[in-house]
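The first residue in the sequence is number 1, and the count goes up from there. Indexing begins at 1, ligand by ligand and atom by atom, following the structure's order.
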Amino acid sequence: MHGGTRLVCTSPEVPVSPCIRPGPGSLAGLTNQDLDWPIRVAAMNALQHLVRQHGEVLSWDVIARGFTYQGETLNFANRARGIFWPRHMRETALSIKTTVPRQGREARYDDLRSNEGFQYRFQGTDVASRDNRRLVRGMEWDVPLIYFYGIEPGAYRPIWPVYISEANPAELSFTVVSAAPDAEVLAPGLHAADPKLLNLERRYATVQMKKRLHQAAFRQHVLRAYSQRCAVCRFPRPELLDAAHILPDRDERGRPEISNGLSLCKLHHGAFDTDLLGIRPDGIIEIAPRLLAERDGPTLEYGLKGFAGKALSILPEAPAHRPRREYLEARYERFRMTG
Ligand SMILES: [Zn+2]
């Protein structure tokens, strides 16, 4: 039944989302056939490929390119609609999407604080409307969906597979949960696990996913504030940049605080985290004496020792986004003690 479906299932270097495998055997015994299954598999495989290529946060331009199914290009999502399915899908939806509005650029991420599933608002107020009905059916059949979670205007962190676990007409919302990162994506009806266990697993996975979304939002905001460059060496490839915390993130799911972040390349992030590189409260870079005493090739001489005594080369334009002096002070103290 799935003979024509190409499955990408190599070990993910980026632990983004699980491999997609239709369950063992065929779907012949199913009563609730998800006739849309092959499209879903094609979409999820294509998405996995995009995330490998572009990183875990995708711009709308990338998402809008769509994916290929039987020689045709289908969309993953629709710019204007939250609940989406390509016209070929007959029963359920393919994806849901939340957007961060352009005004009020500080996204709120209220959802990330709770330990429950994501609350996804109905389209309108009628659970039986055309769009909502597709999600209700998705819930009844337990079909895997894609959630394009808005991180900032025009940027989404895709999460898949997610499932609709509840419809709450009183609150006009669905509850959306994420699957365990190592769970196989099985066609509906093929879940071997005990449903109670499955619910627990998904609850746990959802909490983990919310932490990762928070980190993704932090990284996105910090890198943007530093114009996608390392604050020490100006290195410009986002693939090799991290958002480093100046002080350990005390509330993983609070509002991402840009002034507790620094955009650093992998080398300088590693050096900062191990106190080989310190930043004085006035923004001057120091190198640990134990490293200054060593001699080696260009990475040590130019890449690390060369920055001793220099100022951070990039700082955010907005004063509120620059590193907070008290955070730098506390962190610098640790660097000095480590020596
Ligand atoms: Zn650097």
Checklist entry - Using a side-chain heavy atom cutoff under 4.5 Å and only I, L, V, M, F, W and Y, what cluster partners does Y332 have? => result F335
Item to check | Test side chain to side chain contact (heavy atoms under 4.5 Å, CB included) applied to F84 and M89, step by step | outcome: CA-CA 10 Å; F84 173 78; M89 288 182 95; over 6 Å; no
Checklist entry - Less than 4.5 Å apart, any side-chain heavy atom of Y149 and any of L213? => result yes
Just list the side-chain donor-acceptor pairs under 3.5 Å for residues 298-305, sequence neighbours left out, or say none.
residue	atom	partner	partner atom	Å
E301	OE1	K305	NZ	3.2
E301	OE2	D296	N	2.9
E301	OE2	K305	NZ	3.4
K305	NZ	L292	O	3.4
K305	NZ	E294	O	2.5

Checklist entry - Is there any ring-ring contact (aromatic ring centres under 6.0 Å, His included) pair reaching into residues 39-69, and which pairs are they, with sequence neighbours excluded? => result W60-Y156, F67-F76
Checklist entry - For the Zn ion (ligand 1), which protein N/O/S atoms are closer than 2.8 Å? => result C230 SG, C233 SG, C265 SG, H268 ND1
Checklist entry - Please walk me through it: do R334 and D275 pass side chain to side chain contact (heavy atoms under 4.5 Å, CB included)? => result CA-CA 8 Å; R334 190 185 101 177; D275 293 315; 3.1 Å; yes
